[in-house]
Amino acid sequence: MRVAENAGDDGLHPKVVELARGKNFAALTTLLPGGHPQTQVMWVDADDEHLLINTEVHRQKFKNAKRDPRVTLTIWEREDPYRFVEVRGEVVGITRGPEAREHIDELSRKYHGRPYRTKIRSERVILRIAPFRQVIRMPS
């Protein structure tokens, strides 16, 4: 098994970007007010520097990340879940408005082949996550 670690000083590792931009899922862990972790399976994306998570402002994961920006994301390869990356980082930006709304449609097209159909209860936001530790696990 090949394991690579880096501190994230050079941005996202290429394998992290590859998995995040692919049709793969991520487990997002945030911290509840009492300090306990909360994890949800999420759609994930990446730009050149950040992992991107799209959510709504009324959801607990958003409230958690806004209060304490430290998060962990594990992204696994859809066809082989033993091939995965773990990224520890923090939310360094929140994008609101039309860009966040368009992004959820892009994610829905990636995962389902159609625009987002679920009713939006509050406001869509994109959490921009900068890495400070990345672990790449790829069995040979």
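On a predicted model such as this, the values are computed, not experimentally measured, just so you know. Just so you know, residue 1 is the first one in the sequence shown, and it goes up from there.
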Check: Less than 4.5 Å apart, any side-chain heavy atom of L107 and any of Y116?
Finding: no
Notebook entry, point to check: Members other than L52 in its cluster, when Ile, Leu, Val, Met, Phe, Trp, Tyr link by side-chain heavy atoms under 4.5 Å?
Noted result: I126
Notebook entry, point to check: Rounded to the nearest 0.5 Å, what separation is found between the CD1 atom of I129 and the CD atom of E90?
Noted result: 10.5 Å
Item checked: Student check: side-chain heavy atoms of R96 and V57 closer than 4.5 Å -> yes
Notebook entry, point to check: If every non-hydrogen atom of Q38 is compared with every non-hydrogen atom of L32, which pair is closest and at what distance?
Noted result: OE1-CD2, 3.8 Å
Notebook entry, point to check: According to a 4.5 Å side-chain heavy-atom criterion applied to Ile, Leu, Val, Met, Phe, Trp and Tyr, with indirect links allowed, do V41 and V85 form part of one hydrophobic cluster?
Noted result: yes
Checklist line | Residues, nucleotides or ligands: over 12 heavy atoms within 6.0 Å of E99 CD | finding: no
Item checked: Heavy atoms of other groups near R114 CZ, more than 12 under 6.0 Å -> yes
Next item on the list: Using side-chain contact (heavy atoms from CB on, under 4.5 Å) as the criterion, list what pairs up with A26, not counting sequence neighbours.
Entry: V44, L73, I75
Item checked: Spacing of K15 atom NZ and M138 atom CE [to the nearest 0.5 Å] -> 4.5 Å
Checklist line | Passing candidate, side chain to side chain contact (heavy atoms under 4.5 Å, CB included) with T29, options T39, N64, V71, T74 | finding: T39
Check: Does the ring center of W43 lie less than 6.0 Å from the ring center of H103?
Finding: no
Check: Is the backbone of K23 close enough, under 3.5 Å, to the side chain of R78 for a donor and an acceptor to pair up by distance?
Finding: yes
Notebook entry, point to check: Is it true that a side-chain atom of E56 and a backbone atom of S122 form a donor plus acceptor pair closer than 3.5 Å?
Noted result: yes
Next item on the list: Indicate whether any N or O donor in one side chain lies under 3.5 Å from an N or O acceptor in the other, for S108 and R117.
Entry: no
Notebook entry, point to check: With the 4.5 Å side-chain cut-off for hydrophobic clustering, are I53 and Y111 part of the same group?
Noted result: yes
Check: For A20 and K110, which heavy atoms make the closest approach, and how far apart are they?
Finding: O-NZ, 2.8 Å
Checklist line | I94 reachable from I120 in the ILVMFWY side-chain graph, under 4.5 Å edges | finding: yes
Notebook entry, point to check: Partners of D68 by side-chain contact (heavy atoms from CB on, under 4.5 Å), sequence neighbours excluded?
Noted result: L31, R70
Note to self: Can you tell whether the side chains of D80 and R137 come within less than 4.0 Å, N to carboxylate O?
What the structure shows: no
Note to self: Using 0.5 Å steps for rounding, measure from the CG atom of D47 to the CZ atom of R128.
What the structure shows: 5.5 Å
Note to self: Working to the nearest 0.5 angstrom, can you tell me the gap between E18 CD and R83 CZ?
What the structure shows: 8.0 Å
Note to self: With heavy-atom distances below 4.5 Å as the criterion, would you say the side chains of P131 and L12 are in contact?
What the structure shows: yes
Notebook entry, point to check: Does a side-chain heavy-atom distance below 4.5 Å link K61 with M42?
Noted result: yes
Next item on the list: For the residue pair E86 and R133, establish whether any side-chain heavy-atom pair is separated by less than 4.5 Å.
Entry: yes
Check: Rounded to the nearest 0.5 Å, how far does CG of N54 lie from CZ of R101?
Finding: 9.0 Å
Next item on the list: State the CG-NE2 distance between D105 and H112, to the nearest 0.5 angstrom.
Entry: 12.0 Å
